[in-house]
Protein chains: 2
Amino acid sequence: MYRTNGAATGGANLPSLRSHNTALVLDLLRTAGPDGISRLELAERTGLTPQAVSKITARLRAEGLATEAGRRASTGGKPRTVLRLVPEAGHAIGVHLDRDELRAVLVDLDGTVTAQRRIPLDLGAGSDAVVDAVVRETGRLLADGAEGAAREPDGTRGPRTADGTAGARATAGTEDAGPSDGSDGPQGARPGDVRTLLGVGVALPGPLDHDRGVLHRVTGFPEWDGFPLRDALARRLGVPVVVDKDTNAAALGLAVGGERGSFAYLHLSTGLGAGLVLGGTVHRGARTGAGEFGHQVVQLDGPPCPCGNRGCVEALCLAAIDHGDLPGAARVLGVGAANLAALLDIDRVLLGGRTVAGAPEVFVRGVAAVLDDRARREGATDGTVPVTLAPAGARAVAEGAAQLLLAPLFGRANG
Amino acid sequence: MYRTNGAATGGANLPSLRSHNTALVLDLLRTAGPDGISRLELAERTGLTPQAVSKITARLRAEGLATEAGRRASTGGKPRTVLRLVPEAGHAIGVHLDRDELRAVLVDLDGTVTAQRRIPLDLGAGSDAVVDAVVRETGRLLADGAEGAAREPDGTRGPRTADGTAGARATAGTEDAGPSDGSDGPQGARPGDVRTLLGVGVALPGPLDHDRGVLHRVTGFPEWDGFPLRDALARRLGVPVVVDKDTNAAALGLAVGGERGSFAYLHLSTGLGAGLVLGGTVHRGARTGAGEFGHQVVQLDGPPCPCGNRGCVEALCLAAIDHGDLPGAARVLGVGAANLAALLDIDRVLLGGRTVAGAPEVFVRGVAAVLDDRARREGATDGTVPVTLAPAGARAVAEGAAQLLLAPLFGRANG
DNA sequence: CCCACTTTCGCAACGCTGTTGCCAAAGTGC
DNA sequence: GCACTTTGGCAACAGCGTTGCGAAAGTGGG
């Protein structure tokens, strides 16, 4: 996959070729983590020639995005030099607006959270109040990040494992990592530096338009209808802003965090929604409407749902939870998940959200049981679809929101 | 989107850039049809410079794939020269293996059916018999096509419209399908000429592996399990062969035939399945399992289905049809379609298959009613999802199967 | 310790892509 | 008939990945 320069045209020229390959290399560097990856390995993985990789990585090093980091053991000749990403070369902020709280994270290039904040929030308080809150919290996050970086890189590491202890020595140095002084050159290595801030990603529940950054009707708060959140925030913050549904952000975060292929992230809290990743890309549909999973009808003459239909998964699921019947809720969720898995032939189902977090094993087991059953009945040829807990936990949405700005750097398409 | 040269690597080099842009131009030429399109228009639509388009089209003309076709009215300067595809420069054969019949079409570059055949077939007769039948019918198709072309290029135009009465004279030919006659020069302009045959696409119902071209278990005929249909046919025919599910082939045909964006093709005959096109590309999933729509559960405690579950759409739908309750069947189908449309945010639902063909309006109206209802209840912001009849009719699958080989030429990704 | 060998990786030349500058060709309209 | 507009090819160009080749940096046998 490959995103060209201009509009929805599709024509590719040399600059677009270059940025495509650069993004590819950058993504492999990111995926390799602090351990790094050699040039020849990059060449194998991309299909490019070693020489092309050398040129690309030389450029990345000159720009301060990559650096050499030791060498591998020799196999009888000159040992391979290991390259790795310089995480401090770029940052993004991810904001999760939930109905009752705001979570924000400052994340560096490899996805490591370097600072985070969390405050209560009333989404119904109106657009001005919420925009103000976002502006205030992002400002504090930047201050925290800069300060934290000056002290010591904070222990919270990356989405994957990573006990890494990357560079970033203390001494808020004057060290000025720029090769060519003056100029607009390479981004400095000062974490939290506003100059390395690529933008702010905002994720929230309601139906909205990802492409235009406009909210439709945030469920329960009609006064938000039509509010141009992206532009309003971009004006106040002075950096690019991207808006998306919370489930999409979480799914993107998982995809970038190493989850491969196609999967569905099912989010169960006050509502039930899904984020779909198909072939490595978040599927939003033309109107950012995809992932409407909760109002899937699974019982034709079932109980009425506030949405107007009868027998929606969400209604049945929440009713079961209300009665304390968590296994029953899991079973209903499993039926919806099985419908989805069969329709899309996905590789995995990931569960998240507060309700799931309250009894993770019940839900994982319950959903898996339904999927296994159905696979077995249909004579599974390739085994069944695994069900697991989404790893990122409560910060999943905020981290994914930050990835709305980082992912494009690594060639992960985004609107 | 953009398909690189090598394996699943993603690295792009100049040849891949070139073929990408060439495919793009070729696709615009194809879409423009016999009316053609000017160089400057191609430049606008691709985002390339006029000069780049000139070079690309010059190459295409030299290869015999495009030609000049008149000029437009002047707008005060030199009038634009119109270019169009040379449809006779390439052909493909599409074969539809259904449970009781075989349909095969010979199609040229712009999708026009130039010859077709249809014979009774028993899918249960075993692999040898079926492979023999396919080989025999493709041979006759080529003979028919060559003969029809020798007489007069026949009037049936275009993949859209089509109430086709194309060639398909009887008279089985001897014309030996040997590929390697003389040189490999520019494809001659002899329609039906074997040398312009790009390959054969085969579409059939059962679960199968599109990537490997292997059948799993064709529903009802266990002896097919694991049969490597693609390789067996490729060996016999001496041309590339691609295998896919019937619903995917039909969906591909619709996508290439002008249906834009994302849509679902719902096929209702002896079973119920779906072909999904998301963002212009057929979504198959990693195991060609996507589109399993019929065994979506919409009634938790519904009647048992042969598949082992309860309350599958297919079971409910077919039961209603069995009782002569077509509106009821349409309503159930509509519930499933609405679930799908909400989950994927598609732009359109297209209905096809024999059962639908038997009472098209009942099904279209019934399904549309459910979708409209749900959209209205959820406060549709963008209007509702339109439901229409799939245009190609009974030949839809065979024509789509042929597109399995043509589509890649036009940059429409395929396995 | 030295020398042959292997492996990595950068420099230089190259082929080919789309791009830019320029001009001939082919119309319109006064 | 002449000024003007618009199209589209030729030629030079910049920049991409590729190829050829050699320096650098190891291993391992004598």
Side-chain angles (χ1 to χ4, degrees), chain A residues 2 4-6 9-26 28 36-63 66-83 411, chain B residues 2 4-6 9-26 29 36-63 66-83 411:
Chain A
Y2 168 51
T4 56
N5 43 349
T9 52
N13 50 19
L14 284 130
S16 68
L17 182 75
R18 166 179 161 148
S19 66
H20 170 74
N21 287 335
T22 304
L24 215 61
V25 168
L26 223 36
L28 289 173
I37 183 172
S38 72
R39 287 179 181 80
L40 285 172
E41 210 174 331
L42 287 169
E44 282 172 28
R45 302 273 290 267
T46 55
L48 298 172
T49 59
Q51 194 51 234
V53 170
S54 272
K55 284 189 181 177
I56 292 169
T57 54
R59 220 166 41 220
L60 290 175
R61 285 190 299 152
E63 289 167 357
T67 186
E68 298 195 340
R71 42 190 49 184
R72 293 230 194 287
S74 166
T75 61
K78 177 173 175 177
R80 302 183 173 185
T81 311
V82 171
L83 300 171
Chain B
Y2 169 48
T4 56
N5 45 349
T9 52
N13 50 19
L14 282 117
S16 67
L17 181 76
R18 166 181 163 148
S19 66
H20 170 74
N21 286 336
T22 304
L24 216 61
V25 168
L26 223 36
L29 286 171
I37 183 172
S38 73
R39 287 179 181 78
L40 285 172
E41 210 174 330
L42 287 170
E44 283 171 27
R45 301 274 289 271
T46 56
L48 298 172
T49 59
Q51 194 51 234
V53 171
S54 273
K55 285 188 181 178
I56 292 169
T57 55
R59 219 164 43 217
L60 290 175
R61 285 190 299 150
E63 291 168 354
T67 187
E68 299 197 339
R71 41 190 49 184
R72 293 227 194 288
S74 166
T75 61
K78 176 174 176 177
R80 301 182 173 188
T81 311
V82 171
L83 301 170

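Letters go in sequence order (proteins before strands), and every chain restarts at 1. The figures here come from the full heavy-atom set of this structure, side chains too, leaving out hydrogens, waters and symmetry mates.
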Rounded at 0.5 Å granularity, tell me how far [atom1] in [X] sits from [atom2] in [Y].
{"X": "A:L60", "Y": "A:L83", "atom1": "CG", "atom2": "CG", "answer": "9.0 Å"}
{"X": "A:L17", "Y": "B:L14", "atom1": "CG", "atom2": "CG", "answer": "6.0 Å"}
{"X": "B:L48", "Y": "B:L42", "atom1": "CG", "atom2": "CG", "answer": "9.5 Å"}

key: nucleotides 12-17 of chain D: protein proximity per nucleotide (B base, S sugar-phosphate only, - neither; heavy atom, under 4.0 Å)   = ----BB

Do the side chain of [X] and the main chain of [Y] share a donor and acceptor less than 3.5 angstrom apart?
{"X": "A:N21", "Y": "B:A12", "result": "yes"}
{"X": "B:T22", "Y": "B:R18", "result": "yes"}
{"X": "A:H20", "Y": "B:G10", "result": "yes"}

Run the side-chain contact (heavy atoms from CB on, under 4.5 Å) test against [X] and tell me which residues pass, sequence neighbours left out.
{"X": "A:A69", "value": "A:R84"}
{"X": "B:S54", "value": "B:R39, B:Q51"}
{"X": "A:S38", "value": "A:L40, A:E41, A:R80"}

Which residues satisfy the salt bridge (Lys or Arg N to Asp or Glu O under 4.0 Å) test with [X], sequence neighbours excluded?
{"X": "A:R71", "answer": "none"}
{"X": "A:R59", "answer": "none"}
{"X": "A:R61", "answer": "A:E68"}

Those residues of residues 36-43 of chain A lying under 4.0 Å from DNA chain C by at least one heavy atom = A:R39, A:L40

Shorter than 3.5 Å, N or O on both sides, protein versus nucleotides 24-26 of chain D: list them out with atom names.
from   : atom 1 : to    : atom 2 : distance (Å)
D:dG26 : OP1    : A:R71 : NH1    : 2.9
D:dG26 : N2     : A:G76 : O      : 3.1

query = If you walk 5' to 3' along DNA chain C, what is the first nucleotide with an atom under 4.0 Å of a heavy atom in chain B, and what is the last?
reply = C:dG15 to C:dT28

